[in-house]
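Worksheet: the structure to be examined is printed underneath.
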Amino acid sequence: MPLESRNNFFYKILLPLLILTLAFFLSPSSSRLNLILSHLTPQTTTVKMSSSPYAKELLIAQLSIQRASILTKRVFQESSKGTISKSDASPVTIGDFGAQALIISALKHNFPSDQIVAEEEASTLRNDPLLSSKIWDLVKSTSLSSSPEAESLLGGQIPSESKMLDLIDSGNSSGGRTGRIWTIDPIDGTKGFLRGGQYAVCLALLEDGDVKVGAIACPNLPVDDSAPLTADIGDGEGRGVIFSAVKGQGATSRPLTTGDLAEGKQISMKPITEMSAASFCESVEAGHSNQSESARIAEKLGITRPSVRMDSQAKYGSIARGAGDIYLRLPTSKTYQEKIWDHAGGDLIVREAGGEVTDTKGNRLDFGVGRTLASNSGVIAAPKAVHAQVLDVVQEVLGLKN
Ligand SMILES: *[C@@H]1O[C@H](CO)[C@@H](O)[C@H](O)[C@H]1NC(C)=O
Ligand SMILES: *[C@@H]1O[C@H](CO)[C@@H](O)[C@H](O)[C@H]1NC(C)=O
């Protein structure tokens, strides 16, 4: 071998090999594995799944509400453009059924033996073929189109319209204290959806009555966790966020996408140093929470800012990321029972972000008694450090103290 090519051989082949081998044996085993893997597998933005508990459940939950949100956004935009006319079925109805079908399909594909408690059932659709086919048109043309891999994780398309109706009907579990039960609200905040305000696509997993995974997609909330809490409206640029949590693993937020999950960020409630500077969130609908009582509670706490009114579990997500501080839902009727799908995800997300959630009696929300929160009355969500103080004033104003 001539000297020159021997040099070439050394510099171009032997030396790099030597360095790689050295690096390989000096690096800790996990990064060594990554080094090998990174050479064996192409660098794509693959759907990531960690090995922590409930990692698969969390991933499927997030992807399935992300896909369902693509459908609700289409309905939202078409109805605001007038493409879905007033004489048609309500856009909420169309969005509700469509989103529920997509979510249940993903759950059945991944967790076939889990039970499901969902808001809708398909009997109205079975009696209204026109409405059913309209929903089917939407469902079959909605996918996580920018990631075939994510789409196939959810089982891909639903094969037929009749299968879609069966899927919608399989959310009829009566809930309860044992086993794995998913609970779905395909469009939480229907009034908000109609007026172009906040709504949410919500999913949670209960295991033996305890919330283990919660995921809430809010297509009309700002992506930015530090954006001020406002009651404004719209689905423009910079909007669309998923909140999620796994019990014991904290809470995160991430932008909604049309394919793989975006990178998530840890969120936490804002510590309240001055009660007077705190902000309240409550329902827009006066029928959901007693607004005159919450105004008295705010006054007694020394809170001066006007409360921010928004629909849906967007309130739980907003306080969990510190955009608001306290969420009150004060019973307006002695007999109304809150539905588990309206609270399960939000309850976990707020608690994992450093909050406490109870009813007006100070009891934790009990998701194990059926499809409703039959043993609770109202909801008080606040940072852990001030929850007792808020509860105390709530009970005073509601006359619950003896
Ligand atoms: C749910 O519906 C299926 C049929 O669609 C039925 O077999 C099952 O008994 C129902 N479950 C409950 C709890 O009603
Ligand atoms: C709100 O509470 C007040 C006082 O407790 C009561 O008079 C009023 O009827 C309540 N409003 C609703 C909508 O429940």
Side-chain angles (χ1 to χ4, degrees), residues 96-97 100-101 103-105 107-109 111-128 132 135 158-186 191 205-209 280-301 303 306-307 309 311 315 326-342 344 359-361 367-374 376-380 390-402:
D96 256 335
F97 282 115
Q100 179 165 319
I103 294 170
I104 294 184
S105 166
L107 295 178
K108 286 282 171 203
H109 178 75
F111 312 107
S113 54
D114 290 0
Q115 292 184 62
I116 299 171
V117 171
E119 187 173 19
E120 308 296 338
E121 49 110 5
S123 59
T124 42
L125 297 189
R126 294 184 196 277
N127 295 324
D128 187 345
S132 176
I135 294 164
I158 297 171
S160 68
E161 185 176 342
S162 80
K163 178 71 181 164
M164 175 189 80
L165 296 177
D166 291 345
L167 284 169
I168 291 171
D169 271 337
S170 56
N172 67 343
S173 161
S174 40
R177 186 76 60 205
T178 53
R180 282 167 54 107
I181 303 174
W182 293 89
T183 179
I184 305 171
D185 193 345
K191 299 255 175 60
L205 172 65
L206 310 172
E207 207 169 77
D208 299 335
F280 259 19
C281 271
E282 63 183 350
S283 295
V284 180
E285 299 303 314
H288 290 174
S289 180
N290 190 316
Q291 296 174 346
S292 71
E293 283 172 344
S294 68
R296 276 165 58 211
I297 292 162
E299 193 189 324
K300 274 194 187 296
L301 285 167
I303 294 175
S307 71
R309 291 181 181 165
D311 297 281
K315 292 185 282 292
I326 297 165
Y327 166 32
L328 293 186
R329 193 169 177 108
L330 306 172
T332 51
S333 131
K334 283 222 165 17
T335 51
Y336 181 76
Q337 294 179 354
E338 301 284 344
K339 307 296 187 290
I340 61 171
W341 53 79
D342 282 333
D359 68 0
T360 54
K361 294 174 238 161
F367 296 97
V369 289
R371 291 172 67 92
T372 65
L373 292 171
N376 294 111
S377 164
V379 179
I380 318 282
V390 175
L391 178 64
D392 191 61
V393 173
V394 167
Q395 295 188 332
E396 190 186 326
V397 168
L398 300 192
L400 295 173
K401 298 181 122 178
N402 22 3

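Numbering of residues begins at 1 and proceeds along the displayed sequence. Computed over heavy atoms, backbone and side chain alike; hydrogens, waters and symmetry mates excluded. For ligands, and for the atoms within them, numbers begin at 1 and follow the listed sequence. Predicted model only: the values in this text are computed from it and were never measured.
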Atom 13 (C) of ligand 1: nearest protein contact (heavy atom, Å): Asn172 O, 3.5 Å
What I want to know is whether Glu293 and ligand 2 share at least one N or O pair that is separated by under 3.5 angstrom. yes
Cationic N near anionic O, under 4.0 Å, Glu119 to Lys339: no
Heavy-atom protein neighbour under 4.0 angstrom from atom 9 (O) of ligand 2: no
Among Leu398, Leu301, Ile380, find the one that has a side chain to side chain contact (heavy atoms under 4.5 Å, CB included) with Val393. Leu301
Can you find a pair of side-chain heavy atoms, one from Arg309 and one from Ser283, that are under 4.5 Å apart? no
Ser292 versus Asn290, side-chain donor and acceptor atoms under 3.5 Å: yes
Below 4.0 angstrom, N of the basic side chain to O of the carboxylate: do Asp169 and Arg126 qualify? yes
Could you identify the single nearest non-hydrogen protein atom to atom 6 (C) of ligand 2 and state the distance to 0.1 Å? Asn290 ND2, 4.1 Å
For Thr332, the ligand 2 atoms with a heavy-atom partner under 4.0 Å come out as 14 (O)
Scan the protein's non-hydrogen atoms and note whether one is under 4.0 Å from atom 4 (C) of ligand 1. no
